[in-house]
Amino acid sequence: MGDTDVTTDAGAPWLIVGLGNPGPEYAMNRHNVGFMVADLLAERIGGRFKRASKAQAQVIEGRIGPPGPANRRVILAKPMSYMNLSGGPVTALRDFYKVPTANIVAIHDELDIDYGVLRLKLGGGDNGHNGLKSMTKAMGSDYHRVRFGIGRPPGRMQVADFVLKDFSSAERKELGYFVDRASDAVECLVIEGLERAQGTYNS
């Protein structure tokens, strides 16, 4: 699948998944930016994450969008497995809530995009991202992605070390703005569709 819209069931719920690692030691890592966006979306929905009974994940059920036809039922989730095992919890939630794969959104860090830049797409490869790799292995690749740029590691730093380090003090100055913008992009994707969201937020 490419970056084009697919026909989705207007009445079906959306599963919005922030990818990250559980535990306070990982909270501000670059690899956990998906959790950061999910936490902000939770604030906007006005809910509190709770342990899912059917999956190793924390979830909130709520609605996004104005009253009327554009209002969408959403399940917001943070897998509580480690990143490279994300596919199991996401698939369990998909099956429990009866969510079409095309109505799943993964929010994740992306090395090959400059810091703070967003790219929204449907389908494609995992580009070495272990969370996406696990999801794709479990259910195929035809889900949406909101890719949050973190840039490449400096010098000879290993990728694994870079993504598992906290955002730098300079990056943190703008992190709140970028997380807020990514949350806006997720809402636009769910309410208005991929093409409109790409036109507005792909930069």
Side-chain angles (χ1 to χ4, degrees), residues 1-20 32-47 49 57 59-79 86-87 90-91 93-94 97-110 112-114 116-127 129 131-132 135-136 139-150 175-203:
M1 286 281 181
D3 292 354
T4 56
D5 275 308
V6 295
T7 301
T8 57
D9 180 352
W14 284 76
L15 176 58
I16 301 170
V17 182
L19 294 179
N32 268 45
V33 74
F35 274 17
M36 298 175 198
V37 176
D39 286 338
L40 180 55
L41 287 167
E43 288 182 29
R44 293 182 178 188
I45 290 172
F49 280 105
V59 298
I60 295 173
E61 296 180 58
R63 304 195 76 87
I64 285 177
N71 193 257
R72 302 283 184 260
R73 179 183 170 218
V74 298
I75 299 95
L76 187 60
K78 297 192 295 184
S86 299
V90 175
T91 303
L93 292 171
R94 178 200 65 178
Y97 288 103
K98 297 179 172 58
V99 180
T101 301
N103 279 27
I104 296 174
V105 182
I107 310 161
H108 64 93
D109 57 302
E110 178 60 63
D112 286 336
I113 302 174
D114 290 340
V117 174
L118 297 177
R119 292 281 190 275
L120 284 75
K121 64 182 292 189
L122 173 66
D126 57 58
N127 203 24
H129 192 286
L132 298 182
M135 286 180 60
T136 296
M139 62 185 189
S141 64
D142 294 337
Y143 53 90
H144 289 87
R145 300 101 187 275
V146 174
R147 305 156 72 204
F148 187 110
I150 61 170
L175 182 59
Y177 168 77
F178 290 140
V179 168
D180 189 69
R181 190 166 185 269
S183 301
D184 291 344
V186 172
E187 292 187 349
C188 183
L189 169 61
V190 170
I191 296 166
E192 301 187 63
L194 178 61
E195 186 175 348
R196 176 64 65 87
Q198 286 177 324
T200 303
Y201 293 99
N202 278 17
S203 53

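Residues passing the ring-ring contact (aromatic ring centres under 6.0 Å, His included) test with Phe178 are Tyr115, sequence neighbours excluded. Taking Arg44 as the reference, Asp180, Asp184, Glu187 meet the salt bridge (charged side-chain N to carboxylate O under 4.0 Å, His left out) condition, with sequence neighbours excluded. The side-chain contact (heavy atoms from CB on, under 4.5 Å) search around Asn127 returns Glu110, Asp112, not counting sequence neighbours. The side chain to side chain donor-acceptor pair (under 3.5 Å) search around Tyr97 returns Glu61, not counting sequence neighbours. Residues meeting the ring-ring contact (aromatic ring centres under 6.0 Å, His included) test with His108, sequence neighbours left out: His129. For Thr136, the side chain to side chain donor-acceptor pair (under 3.5 Å) partners are Tyr143, not counting sequence neighbours.
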Exercise. Val99 and Leu93: side-chain contact (heavy atoms from CB on, under 4.5 Å), yes or no, with the steps?
Worked result: CA-CA 8 Å; Val99 180; Leu93 292 171; over 6 Å; no
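Between Leu132 and Ala106, the shortest heavy-atom distance links the atoms CD2-CB, 4.1 Å. The two atoms that bring Ala38 and Leu76 nearest to each other are O-CD2, 3.4 Å, heavy atoms only. The two atoms that bring Trp14 and Ile104 nearest to each other are CE3-N, 4.5 Å, heavy atoms only. Across every non-hydrogen atom of Asn71 and Gly65, the tightest pair is ND2-O, 2.8 Å. Scanning both residues, Pro100 and Ala12, for their nearest heavy atoms gives CD-CB, 3.6 Å. Residue Pro79 comes nearest to Ala57 through the heavy atom pair CA-CB, 4.0 Å, listed as atom of the first residue, atom of the second, then distance.
Ser141 contributes atom OG, which lies 9.5 Å from atom CG of Asp126 (distance to the nearest 0.5 angstrom). Atoms CZ and CD1, on Arg73 and Ile64 in that order, are 12.5 Å from each other to the nearest 0.5 Å. To the nearest 0.5 Å, atoms CZ (Arg72) and CD1 (Ile191) are separated by 7.5 Å. Arg94 contributes atom CZ, which lies 13.0 Å from atom CD1 of Ile75 (distance to the nearest 0.5 angstrom). For the atom pair CD of Gln198 and SG of Cys188, the computed distance is 10.0 Å after rounding to the nearest 0.5 Å. In this structure, CD1 on Ile150 lies 4.5 Å from CG on Asp109, to the nearest 0.5 angstrom.
Looking at heavy atoms from C-beta onward, Val90 lies in side-chain contact with Leu15 at the 4.5 angstrom threshold. Residues Leu19 and Phe35 are not in side-chain contact: their nearest non-hydrogen atoms beyond the backbone lie 4.5 Å or more apart. The side-chain heavy atoms of Thr200 and Glu192, taken from C-beta on, include no pair separated by under 4.5 Å. Using a 4.5 Å heavy-atom cutoff, the side chains of Leu189 and Leu120 are in contact.
Although no hydrogens or angles enter the test, the distance criterion places no donor-acceptor pair under 3.5 Å between the side chain of His144 and the main chain of Lys121. In this structure, Asp114 contributes its side chain and Gly149 its backbone to no donor-acceptor pair below 3.5 Å. The main-chain N or O of Gly123 is never found under 3.5 Å from a side-chain atom of Asp142 such that the two would form a donor-acceptor pair.
The side chain to side chain contact (heavy atoms under 4.5 Å, CB included) with Val74 is formed by just one residue from the set Val186, Leu41, Asn103, Ile16; it is Ile16.
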